[in-house]
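First up is the structure itself, then whatever we jot down about it.
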Amino acid sequence: MKEYFKAERVSENVWWVGAIDWNVRNFHGYETSRGTSYNAFLIIDEKITLVDTAKACFVDELLARIASVIDPSKIDIIVSNHSEPDHSGALPALIAATQPEKVVASVAGVKTLRAYFGEDLAIDAVKTGDTLSLGKGTLSFVDTKMLHWPDSMVSYYDRDKVLFSQDALGMHLASSELWADQIDPSILDYEARKYFANILNFQAPKVISLLDSLPGLGLDISIIAPDHGPLWRKDLETIIGIYRSAAEQKPKRKALVAYSTMWGATARCANALADGLRSQGVSVVVTDLYVSHRSAIMTEVSDAGIIAFGAPTMNNQMYPAMADVLTYIKGLKPKNKIGFAFGAYGWSGEGAKHIAAELDAMGVQQPIEVRQVKYMPTSEDLEAFFNCGVELAKALG
Ligand code: FEO
């Protein structure tokens, strides 16, 4: 028997048969600095069941891991909890290879999967409260619309008390370890918060609703098995707590000062502003947008009480890097922020005003007027930026 591409045991009757994508760095605009995994699970019951698949390019790896436990042709049921292609790309090939008697997804999942793979895809819809007997155990389904896509749902296998939570409660983290309790907690905390900020923040109220509803669903959960990152068998409250705290978006006494700069003027203003904030005991992160990826910036935005963005004017516009970041952040709908727009200009000075308009469109309160300097800040200008930091800190309270 070959030793590579083997399954890993999750519980008595559940196996991990997914793929680790060590080198992916661009996940639809999110910089996955530590790679990711596409977790798929094989349930060995009277009805052999596969829960989720992976990106299409990993199909051979999935089939090999399944084959290390059971002949793939013995799979009776495939469950698609989420139809985004990182979990469904390999589905058509898996169906062709295993010829299951049944494939199920949510109502929206059926529509999405048929849109991807053809209207003749044989697939049945399940909804919240529906169950599927696998013989000794039962799978039940809960619709989690918009976590992450309209089709998303989670499944629960009562025999081993495993919650297959798809994107929810996951993180982008490739690791040789299957379990969260084998990984540095600070890495888990950062990557889970980064994942939430960049994937789910726009649906934060729905995440709170889901977490609130879990006890009422009567699911006795021993293992949380998301589709990305490590699985949880201990301290389940840790990942639930990270998600809840991220979803609540309570602002910390923290500021993000993010800028782009042409000849250094905006950078000098940013640093004077940061010193004013620091003088009031605010924890500050300062970054040039050409140094930090938009997804790292969004991670800092997620728990900052103050978000300050600065850019010079170029060709009557803000710098393109700033437009990129603000467009991205706006779509993720951050809440409970105080904002500040600033910059430098030589001729016309639209850049910082455009930033202020974007912050306004996000519903970010701006207690201080836009501030810009012409060409280079004078010592008086830098003093004024320091004082803006002091004022913003006071406005944060
Ligand atoms: Fe991991 Fe929304 O897909």
Side-chain angles (χ1 to χ4, degrees), residues 16-41 50-59 61-62 78-92 94 104-117 123 141-155 163-175 178 180 188 191-204 206-207 210-211 224-232 239 242-243 246-247 294-295 298-299 328 331-333:
W16 176 85
V17 292
I20 305 173
D21 198 349
W22 294 98
N23 295 312
V24 64
R25 290 294 180 271
N26 176 17
F27 199 102
H28 56 50
Y30 171 157
E31 186 181 52
T32 43
S33 318
R34 289 186 166 104
T36 194
S37 58
Y38 313 111
N39 298 330
F41 303 97
L50 178 69
V51 179
D52 283 325
T53 69
K55 276 186 179 175
C57 57
F58 289 103
V59 65
E61 193 171 324
L62 255 68
I78 299 181
V79 175
S80 173
N81 277 329
H82 182 19
S83 50
E84 193 166 6
D86 49 329
H87 310 294
S88 72
L91 182 64
L94 260 299
V104 301
S106 68
V107 174
V110 169
K111 290 181 186 158
T112 310
L113 290 169
R114 284 185 174 149
Y116 271 119
F117 304 121
I123 183 165
F141 306 99
V142 179
D143 201 309
T144 55
K145 185 177 179 181
M146 296 316 297
L147 303 178
H148 160 228
W149 275 15
D151 56 86
S152 290
M153 67 175 188
V154 301
S155 338
L163 179 72
F164 302 105
S165 63
Q166 49 97 36
D167 277 354
L169 303 173
M171 67 186 76
H172 284 314
L173 175 60
S175 65
L178 184 65
L188 297 174
E191 294 301 340
R193 288 194 305 104
K194 181 177 183 183
Y195 181 88
F196 187 94
N198 286 278
I199 299 287
L200 295 171
N201 198 81
F202 77 117
Q203 293 292 345
K206 283 198 166 67
V207 172
L210 172 66
L211 297 178
I224 294 174
D227 274 358
H228 295 293
L231 282 53
W232 297 76
I239 187 65
I242 293 170
Y243 263 64
R294 66 174 84 86
S295 49
M298 181 58 206
T299 310
Y328 183 75
L332 289 163
K333 298 184 167 58

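All heavy atoms count here, side chains included; hydrogens, waters and symmetry mates do not. Whatever order the structure lists ligands and atoms in, that order sets their numbers, starting from 1.
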Between Asn198 and Tyr328, is there a side-chain donor-acceptor contact under 3.5 Å, judged purely by atom types and distance?
yes
If you round to 10 degrees, what value do you get for the angle at atom 2 (Fe) of ligand 1 between Asp167 atom OD2 and His82 atom NE2?
90°
Looking at Met153 and Phe141, what are the two nearest heavy atoms and their distance?
CE-CD2, 3.7 Å
Look at the rings of Tyr243 and Phe196 and say which category their plane angle falls in: under 30° parallel, 30 to 60° tilted, over 60° perpendicular.
perpendicular
Specify whether an N/O/S atom of His148 falls short of 2.8 Å from atom 1 (Fe) of ligand 1.
no
Are Lys55 and Val24 packed together at the side-chain level, in the sense that at least one heavy-atom pair is separated by less than 4.5 angstrom?
yes
Is there a donor-acceptor contact under 3.5 Å linking the side chains of Gln166 and His87?
no
Which N, O or S atom name in His87 marks its closest approach to atom 1 (Fe) of ligand 1?
NE2
Taking 2.8 Å as the cut-off, does Asp86 contribute an N, O or S atom near atom 2 (Fe) of ligand 1, distance below it?
no
Atom 1 (Fe) of ligand 1 reached by Glu84 (N, O or S, under 2.8 Å)
no
